[in-house]
Amino acid sequence: MESPTGASLSEAGKRDVGATIEVRLADGSTVTLSRGATAADLVARNGRNRSGEAIAAVVDGRVVDLATALEDGAEVALVSASSAEGLAILRHSTAHVLAQAVLRLWPGARYAIGPVIDDGFYYDFELPRGEHFSEEDLARIEEAMRAIVAEDQSFVRQELSFDAALALFAGQPYKQEIIEAVRAGADELDASSKEAAAGGVSVYRNEAGSGARTPSDGAFVDLCRGPHVPSTGHLGHFKLMRVAGAYWRGDERRPQLQRIYGTAWPSEAALSEYLYRLEEAERRDHRKLGIELDLFSFPDEIGSGLPVFHPRGGLLRRVMEDYSRARHAAAGYEFVYTPHIAHKELFETSGHLQSFAEGMYPPMDLEGGQQYYLKPMNCPFHILVYKSRQRSYRELPLRLFELGTVYRHEKSGVVHGLTRVRGMTMDDSHIFCAREQLPAEIRSVLEFVLDVLEQFGLSDTYLELSTRPGEKAVGADEEWEEATELLRSVAAEMGLALVPDEGGGAFYGPKISVQARDAIGRHHQISTVQLDYQLPRRFDLSYVAPDNTRRRPAMLHRALFGSVERFMAILLEHYAGALPTWLMPEQVRVLPVAGDHQAYADLVAQALRGAGIRVAVEGADEPLNARVRRAKLAKLPYILVVGGSDVEAGTVGLNRRGSERPERGVPLDAVVAMIQAEIEARGSPEQARVLR
RNA sequence: GCCUGGGUAGCUCAGCCGGUAGAGCAGCGCACUCGUAAUGCGCAGGUCCGGGGUUCGAGUCCCCGCCCAGGCUCCA
């Protein structure tokens with residue numbers, strides 16, 4: 001908020017007025033400039049602005065316009081369009097051009113805010129007469145923006161008093177509201193910093209040199225903190241992406257504005273690379289792959305967010321679940337099964353109805369006033385397993401595991417493919433242990449989770465620590481603090497970095513979540529480990545300690561896949577559908593060259609099947625090329641083509657996924673052994689490479 | 001819930017200014033028997049999301065509803 005230049009200005013004023021000033025550059029060198037020189041003069045002197053390279057400057061740690069006059073002794077660094085700061089300025093300036101274009105096309109439109117977001121920007125408008133943007137308008141607006149860029153209008157900064165600014169933005173209630181908010185903020189500052197805040201706001205005018213001065217005579221002016229690129233000619237590599245409704249200040253009680261999203265980049269190459277990235281993400285969309293690979297669907301007849309798995313998807317799911325079960329068994333987990341509905345009282349005891357009711361399906365009312373709820377989480381049920389009899393310290397840690405299906409009533413706007421569903425299966429585990437066992441147990445759980453994820457090819461991971469959520473949290477502050485500190489210290493001991501996520505914890509406790517980066521750089525929250533002192537208390541859990549006293553256990557909630565459905569979606573997108581061989585529903589397809597080779601093809605398939613490999617044979621009813629193509633499109637790891645010479649020699653033609661050239665005459669035994677070894681090794685030799 | 005876009009064959013989509021619905025792929029049948037990314041011919045396939053209205057006539061225009069997708073967090 002405050003303006004550091006305020007101080008240096010007065011300081012500079014006391015100095016002797018010479019003809020030149022000296023400024024220091026980032027590399028430590030000093031440059032002598034004439035008094036009154038600006039950052040732009042420095043750029044010109046360096047001759048470094050040929051392609052709009054430098055678009056702003058950092059003066060004494062503050063990002064400013066190139067037109068800013070430099071003070072003697074200032075430290076100056078230039079901001080290039082491709083740096084993080086530069087990109088933000090570029091996008092923000094493009095947002096201004098968007099607003100100017102919209103005001104040209106819709107005189108009388110009100111404009112609100114136009115901030116920078118990841119990879120782009122948006123601007124919110126209110127059009128006259130309640131008009132709305134349509135998708136077709138985007139092309140017209142872009143055209144108007146390109147005209148403004150061609151005019152190479154300069155962005156000129158001007159400081160205004162609050163009152164002058166309010167007058168300038170007469171008829172722009174959103175701008176006025178922002179000005180009033182800034183004034184209210186400034187009033188809270190003490191006298192000295194109030195002076196620094198200059199008692200007003202800054203605006204930027206776009207001037208084409210025509211002398212136009214106010215919005216009504218054609219020039220554009222926007223309330224803005226800045227900085228901006230020197231002129232619109234520095235922009236141009238942008239694209240408007242979509243329109244959306246958005247509430248003023250994100251508040252649904254306030255007017256809904258019309259938002260336009262856009263993206264902007266320093267070069268055409270960077271823009272098209274970004275657009276390609278979007279296409280790539282679309283190509284990998286698990287909903288699309290689910291149809292192409294015949295894995296699952298969402299029948300309207302069932303309801304939104306409720307998937308069915310087809311045989312191939314079912315097979316994939318079973319392989320995932322079987323592997324999960326095997327690993328859990330080996331790691332000392334015990335398997336339980338619990339029902340899908342329960343009395344209202346259970347969820348009152350657990351606190352779900354108090355803290356999570358909006359995420360739950362409404363109750364089923366039964367005769368006699370009894371109410372049942374669909375379960376939104378497995379924890380209360382596992383707690384009841386613990387509570388079924390008295391527990392001894394000798395049993396702890398008690399690790400209960402279930403692939404438990406839960407139902408959550410997600411709001412209609414947020415359901416999305418398999419990643420946000422209303423019915424899902426959690427690979428849920430609840431570990432009951434003595435408090436002193438917690439550090440060792442958390443550590444072993446984290447090691448277990450990271451190792452299993454790596455087997456699925458998700459090894460680019462980091463951890464996030466989610467702390468106490470604002471109002472929803474239950475439990476005492478000290479306990480939250482203690483639990484949070486425990487998670488922090490275990491992770492630190494293991495040498496794992498923790499990224500903070502303030503307020504992101506569950507209502508009953510803090511959590512560590514494992515975030516995995518996928519093949520195209522997106523990150524997904526996968527596993528979570530939550531520490532909970534609350535539920536053991538609410539359910540009055542206890543165990544008998546060695547000294548024959550009753551003690552309260554602590555609980556760890558742990559999901560590894562998270563939901564099986566969502567994990568499948570992440571894998572599909574990570575691998576673009578080309579799953580590692582061990583996960584692929586069909587691992588090998590045998591193609592006889594002609595009908596004469598059918599019997600040998602069946603023999604080959606039998607040998608593979610005998611080795612536990614999933615294989616199918618496709619006969620020669622269609623040309624070989626067509627069958628190879630179909631198998632490639634199905635992203636099969638191995639295609640075995642067998643013809644006359646193979647029948648004689650006991651060999652196969654081996655066509656591996658991702659390889660351009662097939663190998664001829666490979667002995668059958670060698671192929672069986674190789675594929676078998678690959679399946680056993682799991683992992684992901686091809687690591688999500690892009691396969692077309 | 002709200003904004004924008006969409007809903008036409010199993011899938012992907014075309015269908016202009018209102019004139020009696022089309023393509024490619026998939027499916028089925030017949031022929032072809034082929035050595036690494038689409039063999040040919042034929043057949044079948046439709047409540048144009050539902051309802052109402054305008055009209056001589058509606059997939060198309062208007063109104064109401066349903067469903068799907070993206071967005072509604074980044075605060076000048």
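In what follows, every chain begins at residue 1, and chains take the letters A, B, ... in the order their sequences are listed.
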What heavy-atom pair brings A/Val642 and A/His597 nearest, and what distance separates the two atoms?
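That would be O-CB, 3.8 Å.
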
Approximate separation, where rounding is to 0.5 Å, of A/Leu579 CG and A/Gln587 CD:
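Atom-to-atom, A/Leu579:CG and A/Gln587:CD are 11.0 Å apart.
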
Report each atom pair, protein N/O against N/O of nucleotides 27-33 of chain B, whose distance is under 3.5 angstrom.
from	atom 1	to	atom 2	distance (Å)
B/U33	O2	A/Gly595	N	2.9
B/U33	O2	A/Ala620	O	3.3
B/U33	N3	A/Ala620	O	3.3

Using side chain to side chain contact (heavy atoms under 4.5 Å, CB included) as the criterion, list what pairs up with [X], not counting sequence neighbours.
{"X": "A/Asp501", "value": "A/Glu464, A/Ser466"}
{"X": "A/Asp596", "value": "none"}
{"X": "A/Arg656", "value": "A/Tyr638, A/Leu654, A/Ser659, A/Glu663, A/Met674"}

Lys/Arg N to Asp/Glu carboxylate O, A/Asp294 vs A/Arg312, below 4.0 Å:
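Salt bridge between A/Asp294 and A/Arg312, a charged N being under 4.0 Å from a carboxylate O: no.
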
Please tell me whether A/His524 and A/Asp518 have a donor and an acceptor in their side chains that are separated by less than 3.5 angstrom.
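Judged by distance alone, the side chains do pair up.
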
Does any donor-acceptor pair link the side chain of A/Tyr247 with the base of B/G1 at a separation under 3.5 Å?
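Indeed there is one.
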
Show which side-chain atoms of residues 240-249 of chain A pair as donor or acceptor with protein atoms under 3.5 Å away, not counting sequence neighbours.
from	atom 1	to	atom 2	distance (Å)
A/Trp248	NE1	A/Glu177	OE1	3.1
A/Trp248	NE1	A/Glu177	OE2	3.4

At a cut-off of 3.5 Å, list every protein nitrogen or oxygen paired with a nitrogen or oxygen from nucleotides 3-9 of chain B, distance to 0.1 Å.
from	atom 1	to	atom 2	distance (Å)
B/C3	O4'	A/Gln256	OE1	3.1
B/C3	O3'	A/His132	ND1	3.2
B/C3	O2	A/Gly245	N	3.4
B/U4	OP1	A/His132	ND1	2.4
B/U4	O2'	A/Glu135	OE1	2.9

For B/U39, which nucleotide is its Watson-Crick or G-U wobble mate, given both distances must be under 3.5 Å?
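Answer to the pairing question: B/A31, which forms a Watson-Crick or G-U pair with B/U39.
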
